[in-house]
Amino acid sequence: MTEPTGPLLSEGDQIAQRRKKLEQIIALGHAPYPSKFDWNTTATEILNTYGSFSKEQLETTKIAVRLCGRLMTIRGHGKAAFAHLSDGAKRLQIYVRLDAVGEDNFKLFQLLDIGDLIGVEGYLFRTKTNELTVHVEKCTLLAKAFLPLPEKWHGLSDVEIRYRQRYLDLIVTPEVREAFVTRGRIIRFIRGFFDARGYIEVETPMMQPMAGGALARPFVTHHNALDIDLYLRIAPELYLKRLIVGGLNRVYEINRNFRNEGISTRHNPEFTMLEFYQAYSDYRDLMALTEELFRSLVQEVCGGLRVEYGDLEISFEKFDCLTMREAVVRFWKNPSNRPTLESLRVEAGVRSAANAHNQNAVAAGSALERVDERLSAGPLLGALFEAVAEKELIQPAFISEFPVELSPLSKRNVDNPAMVDRFELFIAGMEIANAFSELNDPLDQRDRFEQQLKQREGGNEEAHRMDEDYIRALSYGMPPTAGEGVGIDRLTMLLTNSKSIRDVILFPLMRPEKKGSDSSE
RNA sequence: GGGCCGCUAGCUCAAUUGGCAGAGCAACUGACUCUUAAUCAGUAGGUUGUAGGUUCGAUUCCUACGCGGCUCACCA
């Protein structure tokens, strides 16, 4: 026979077989790729509606159905066959027999493969084993699958293929579909939550002449007509606060941020953030709002306030509230050199704590992370917190009292200007949210930017840049405002019990697949 | 970027000290009109991630590279 052309053929014999079958189907007079199937129900709908109907009920009231989906299994018995049809969400069994569909249609059915998309019409009945099944009277090919699906029993377990070919993962792994359905519900719930509270959803630039609002390295791109470099945003923060200046007193945005950093189970270069800003409020107001948001969200999505996360059980019934200093003291491992709350108020105390911590770290081998004692007092406290406490914060905990050096956009604490009015929410050892009272003093903001510039000159590529227009905006007067960011991907991980961020991002960034070999073909 | 691990048929996995590369599912041929991991009989399917090296002989040992996973660093 003449060899069919095309790149697919080189991938294996099964593809050639399926192409041949399609030729035969066409020869039988069927359209290979019809544009429509006139369905009136789905597998999910049938199972929901008639799942409780008895055999007798279905016999007396013959329920006619037309549905379509993907063939997931076929069990042939000569002149009859059972198969399962998936609508994406659920599978419904179908029963095709020669005397019910007729000889021509049965020929078509015999040319179908697992993976094909088909439509069937018939009526519902229950089999001997009491499974709700469609007694098919006619089946139609809607699209042929040339590539075989992964094995029906073990499914697809190669994670690389799962991420690279997510479509395939979605076809054969029901939990994956579930996770992304949940992600959609989470985002929808959040929108409803803020809409109900008078917030306006806005969209601010993803491409910015200067990447600000966070401390991170940006991606660079170029606009040809203006001949300028642009940065993919690392945060929407400074734009959202410009809107507060403009009188949009409550705004939120759910959108992508891009950070040119490493990839891990908790980091994807593009990730989704919720940011919201509320005028005439401070960070304490947001703490209350955050608790309310999380409790109602978890209740809605998980049906209760306790969720399983790996080996952990997370309870959203109670949110802990600690200062950074308190957290360091509480989770300090070695009782013989544990610092006191008071000692961590002053630089000397922080330094001796850092020194003691590093001694503990040496004693503990590689189990404890060391801190860089060259840091100044504020960042050193932050480093101590990360090394000592962060991973221990399993149950929801607000951490407050951040050093000003770590927070160039936050308002100083009235009583202690070395600290800012800020909190972060930690759950399962992950930072989930970050909020603060926004710095609205343009002079202080300029000073903070200057400090950042010095760090940048010192080689810190993540330090913030000077944003003159942002200072100009603040100079028109910004009301006292509180703002918060919530990492949607990590939140989704928690609520879908996913241990990798890649399991909640449909198409996580992967190194491109290497092209098949050389130029000789 | 560092460390550790993995890569064998379309999929899921085997292969003894280095000695003919196998099974199940999927596919193909045949039987079978209530099966559900359908069953039964038979057939085909491989440059063992890539490139080198050691060896009479490499899936197995060594080196480099590629891709991925976990982990550490950085961050959210």
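Order of the sequence lines fixes the chain letters, A, B, ..., with proteins taken first and strands second; residue numbering starts at 1 for each chain.
Residue order along RNA chain B, read from the 5' end via each residue's closest nucleotide, puts L98(A) first among K391(A) and L98(A). Each of E270(A) and F82(A) was assigned the nucleotide of RNA chain B with the nearest heavy atom; the assignment lying further toward the 5' end belongs to F82(A).
In this structure, R502(A) reaches the sugar-phosphate backbone alone: every heavy-atom distance under 4.0 Å involves primed, P, OP1 or OP2 atoms, never a base. Within 4.0 Å (heavy atoms only), F426(A) reaches no atom of the nucleic acid at all. If you check every strand for non-hydrogen atoms under 4.0 Å, R217(A) touches nothing. Within the nucleic acid shown, G487(A) has no heavy atom closer than 4.0 Å to any nucleic acid atom. As judged by a 4.0 angstrom heavy-atom cut-off over every strand, R511(A) is placed among residues touching the sugar-phosphate backbone only. M510(A) comes within contact range of the sugar-phosphate backbone alone, with a heavy-atom separation under 4.0 Å but no base atom that close.
Taking the P atoms as reference points, U47(B) lies 8 Å from G10(B), given to the whole Å.
Atom CD1 of I432(A) sits about 4.5 Å away from atom CG of L494(A), to the nearest 0.5 Å.
The pairing partner recorded for C40(B) is G30(B), the criterion being a Watson-Crick or G-U wobble arrangement whose two distances lie under 3.5 angstrom. Base pairing analysis places A14(B) opposite nothing; no Watson-Crick or G-U wobble pair with both distances below 3.5 Å involves it. The pairing partner recorded for C20(B) is none, the criterion being a Watson-Crick or G-U wobble arrangement whose two distances lie under 3.5 angstrom. The base-pairing partner of C65(B), taking Watson-Crick or G-U wobble contacts with both distances under 3.5 Å, is G49(B).
In this structure, S500(A) does not reach the G69(B) phosphate: none of its side-chain N or O atoms is under 4.0 Å from OP1 or OP2. At C11(B), none of the side-chain N or O atoms of K152(A) fall inside 4.0 Å of OP1 or OP2 (strictly under the cut-off).
Between Y95(A) and F125(A), the ring-plane angle classifies as tilted under the 30° and 60° cut-offs.
Rounded to a whole Å, the CD1 atom of I114(A) is 12 Å from the C1' atom of G10(B). We find that CG of D116(A) is positioned 15 Å from P of A26(B), with the value rounded to whole Å. What separates NZ of K499(A) from C1' of U71(B) is a distance of 13 Å, to the nearest Å.
For a distance-only test at 3.5 Å, the side chain of S157(A) fails to qualify as a donor-acceptor partner of the base of U12(B). Side-chain atoms of E131(A) stay outside donor-acceptor range of the base of U35(B), with no qualifying N/O pair under 3.5 Å. In terms of polar N and O atoms assigned as donor or acceptor, the side chain of Q17(A) never comes within less than 3.5 Å of the base of A27(B) in a complementary pairing.
For D87(A) (side chain) and K90(A) (main-chain N/O), a donor-acceptor pair under 3.5 Å exists by modelled atom type. Within the 3.5 Å criterion, the main-chain N or O of D113(A) finds a donor-acceptor partner in the side chain of D116(A).
Residues G88(A) and S86(A) approach most closely at N-OG, 2.9 Å, considering heavy atoms.
Side-chain proximity of E462(A) to C67(B), C74(B), C28(B): nearest is C74(B).
Ion pairing between a basic and an acidic side chain is recognised when a charged N comes within 4.0 Å of a carboxylate O; D503(A) and R162(A) show such pairing.
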